[in-house]
Amino acid sequence: MDKEDILRLAKDSRFISGIYNYCDRWCERCIFTSRCLNYAMSEEDEDDSIAHDLNNKAFWDKLHKIFQQTKEMIIELAKEKGIDLNSADIESASREIDSKTDNAENHELSQTALEYAKMVDKWFGTEYPIFERKQEDLNTMLELGIDGTAPHVEANSINNAIEIIRWYQHQIYVKLMRALTQEDFAEEIESDTTLQKDSDGSVKVALIGMDRSIAAWGRLQACFPEKMESILDILLHLGRLQRKTEQVFPNARSFRRPGFDDRNNPL
Ligand code: SF4
């Protein structure tokens, strides 16, 4: 896809402006792929299946082309905004970013989210045999024709729960970190304005990830009642993270994401 293709797509009115800024990037499960410019751009690239092969020269050539285009766009944008890309201020700006990142990394929310991600890895690492046993049980039930389609339903339910947990496991931390390092994190917003904080948008995505993960853990708990205790530990940890996040970012839940929270946008 060249610059003209990108500009052509960007002008297409079917796309919801900025919808991809506050989504969870799970395009495979997204209900707005037909309204998302980001998705349309990646789909056009999908036509060239060679580009998917990391070992293929076409992939690297293409990446280089994207890099060149992006570099040109940065230079043009910097010129437009009067930014000197060679300025010595970059050093102090990068020091500022470092210190913001340090503060965010040490924040209770990011620490708790990171701990959650580790708990998930540990749980799946330790409990792997229960999935093998369950698979054997379900296969046996299928072979014997016990319970009709129930084994399929249960297998799907387990797979979906695992996919959800794995999808959001690290994203929750990443989104919280993004919010904690945003300029507007500590800024107060006048109650009579419709202005929304970018940090609240990131946190909303993290909160949705937590909601869905909690539901998915609940599903696993129902399928593996013998693991009630270990799953409960994770659920309590995630529940605490959720409550604390809502306290630190009280307006995040009401953030309106383009498309997803806009009832005027029919599918
Ligand atoms: S809005 Fe949907 S289709 Fe677009 S990038 Fe996000 S998840 Fe993917």
Side-chain angles (χ1 to χ4, degrees), residues 22-30 54 98 100-141 150-182 185 199-249 252-253:
Y22 303 105
C23 68
D24 60 11
R25 297 286 160 147
W26 203 350
C27 303
E28 205 187 331
R29 301 241 178 183
C30 183
L54 286 173
D98 283 350
K100 258 193 212 158
T101 308
D102 285 348
N103 289 342
E105 277 172 355
N106 291 323
H107 197 282
E108 186 187 352
L109 289 184
S110 55
Q111 296 268 328
T112 311
L114 197 59
E115 181 59 28
Y116 167 70
K118 287 180 189 164
M119 285 171 93
V120 174
D121 277 339
K122 197 170 164 212
W123 192 87
F124 279 103
T126 313
E127 306 295 0
Y128 184 70
I130 63 168
F131 294 105
E132 287 181 323
R133 278 202 302 274
K134 179 63 92 176
Q135 194 178 14
E136 280 168 24
D137 290 351
L138 292 176
N139 281 338
T140 310
M141 284 169 79
H152 278 303
V153 174
E154 188 169 0
N156 271 341
S157 178
I158 293 170
N159 280 339
N160 284 337
I162 295 171
E163 267 190 39
I164 292 167
I165 290 166
R166 288 303 203 180
W167 189 265
Y168 295 110
Q169 174 187 358
H170 298 287
Q171 193 180 88
I172 292 169
Y173 170 77
V174 171
K175 292 289 175 188
L176 288 176
M177 272 297 288
R178 184 178 182 274
L180 292 166
T181 49
Q182 283 302 94
F185 164 40
S199 51
D200 281 333
S202 291
V203 172
K204 181 155 187 178
V205 180
L207 282 168
I208 290 169
M210 291 180 219
D211 297 347
R212 291 177 177 173
S213 301
I214 286 172
W217 280 112
R219 217 183 278 175
L220 284 189
Q221 212 174 32
C223 296
F224 300 99
E226 71 276 23
K227 296 295 161 193
M228 178 78 84
E229 287 297 314
S230 61
I231 293 179
L232 194 63
D233 282 347
I234 295 176
L235 278 172
L236 288 175
H237 187 88
L238 203 47
R240 272 195 296 269
L241 175 62
Q242 194 185 42
R243 269 197 302 279
K244 188 72 199 170
T245 305
E246 285 166 343
Q247 282 164 14
V248 178
F249 293 93
R253 284 274 186 204

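Count residues from 1 along the sequence.
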Asks: Just do the side-chain contact (heavy atoms from CB on, under 4.5 Å) check on Trp123 and Ile165 with the steps written out, would you?
Replies: CA-CA 12 Å; Trp123 192 87; Ile165 290 166; over 6 Å; no
Asks: Identify the heavy atoms of Ile172 and Ala113 that sit nearest to each other, and give their distance.
Replies: CG2-CB, 4.2 Å
Asks: Within a 6.0 Å radius of atom CD on Glu229, are there more than 12 heavy atoms belonging to other residues, nucleotides or ligands?
Replies: no
Asks: Report yes if some heavy atom in the side chain of Asp121 is under 4.5 Å from a heavy atom in the side chain of Arg166; otherwise report no.
Replies: yes
Asks: For a side-chain contact (heavy atoms from CB on, under 4.5 Å) check, start with the C-alpha distance between Trp26 and Ile164, then their side-chain angles and the critical distance, and finish with the verdict.
Replies: CA-CA 10 Å; Trp26 203 350; Ile164 292 167; 4.0 Å; yes
Asks: I need the minimum non-hydrogen distance between Cys23 and Val205, along with the two atoms involved.
Replies: O-CG1, 3.7 Å
Asks: Is it true that a side-chain atom of Ser110 and a backbone atom of Glu105 form a donor plus acceptor pair closer than 3.5 Å?
Replies: yes
Asks: Let's go through Phe224 and Glu127 carefully: what are the C-alpha distance in whole Å and the side-chain angles of both, what is the deciding distance for side-chain contact (heavy atoms from CB on, under 4.5 Å) to 0.1 Å, and is it a yes or a no?
Replies: CA-CA 11 Å; Phe224 300 99; Glu127 306 295 0; over 6 Å; no
Asks: Is Ser157 reaching over with its side chain to a backbone N or O of Val153, donor-acceptor style, under 3.5 angstrom?
Replies: no
Asks: Of Gln182, Arg178, Lys175, Lys204, which meets side-chain contact (heavy atoms from CB on, under 4.5 Å) against Ser199?
Replies: Gln182
Asks: Would you say the side chain of Ile208 lies within less than 4.5 Å of the side chain of Tyr22, judging by non-hydrogen atoms?
Replies: no
Asks: Quick one: sort the Trp217 and Phe124 rings into parallel, tilted or perpendicular, breaks at 30° and 60°.
Replies: tilted
Asks: Please determine whether the number of non-hydrogen atoms from other residues, nucleotides or ligands lying under 6.0 Å from atom CD of Glu132 exceeds 12.
Replies: yes
Asks: If you define the side chain from C-beta out and look only at heavy atoms, does anything of Glu115 sit under 4.5 Å from Tyr173?
Replies: no
Asks: Under a 4.5 Å cut-off applied to non-hydrogen side-chain atoms, are Gln242 and Asp211 in contact?
Replies: yes
Asks: Could you tell me whether a side-chain N or O of Trp167 sits under 3.5 Å from a main-chain N or O of Asp24, the two making a donor and an acceptor?
Replies: yes
Asks: Quick one: closest heavy-atom pair of Tyr116 and Ser213, and the distance?
Replies: OH-CB, 3.8 Å
Asks: Nearest 0.5 angstrom please: Leu207 CG to Glu246 CD, how far?
Replies: 5.5 Å
Asks: Quick one: CD on Glu154 to CG on Leu138, what's the gap to the nearest 0.5 Å?
Replies: 5.0 Å
Asks: Rounded to the nearest 0.5 Å, what separates atom CG in Asp233 from atom CE in Met228?
Replies: 12.5 Å
Asks: A side-chain contact here means heavy atoms from C-beta on lying under 4.5 Å apart; do Thr112 and Leu176 qualify?
Replies: no
Asks: Minimum heavy-atom separation for Ala252 to Val203, with atom names?
Replies: CB-CG1, 3.5 Å
Asks: Would you mind reporting whether Arg240 and Leu236 have side-chain heavy atoms less than 4.5 Å apart?
Replies: yes
Asks: In Å, rounded to the nearest 0.5 Å, how long is the span from CG of Leu180 to CG of Asn106?
Replies: 11.0 Å
Asks: Please tell me if the side chains of Gln221 and Leu235 come closer than 4.5 Å, counting only heavy atoms from C-beta onward.
Replies: yes
Asks: Looking only at heavy atoms, what is the nearest atom pair of Thr245 and Met210, with distance?
Replies: OG1-CE, 3.5 Å
Asks: Taking atom CE of Met177 and atom OG of Ser202, what is their separation to the nearest 0.5 Å?
Replies: 12.0 Å
Asks: Roughly how far apart are Asn159 CG and Arg219 CZ, rounded to 0.5 Å?
Replies: 10.5 Å
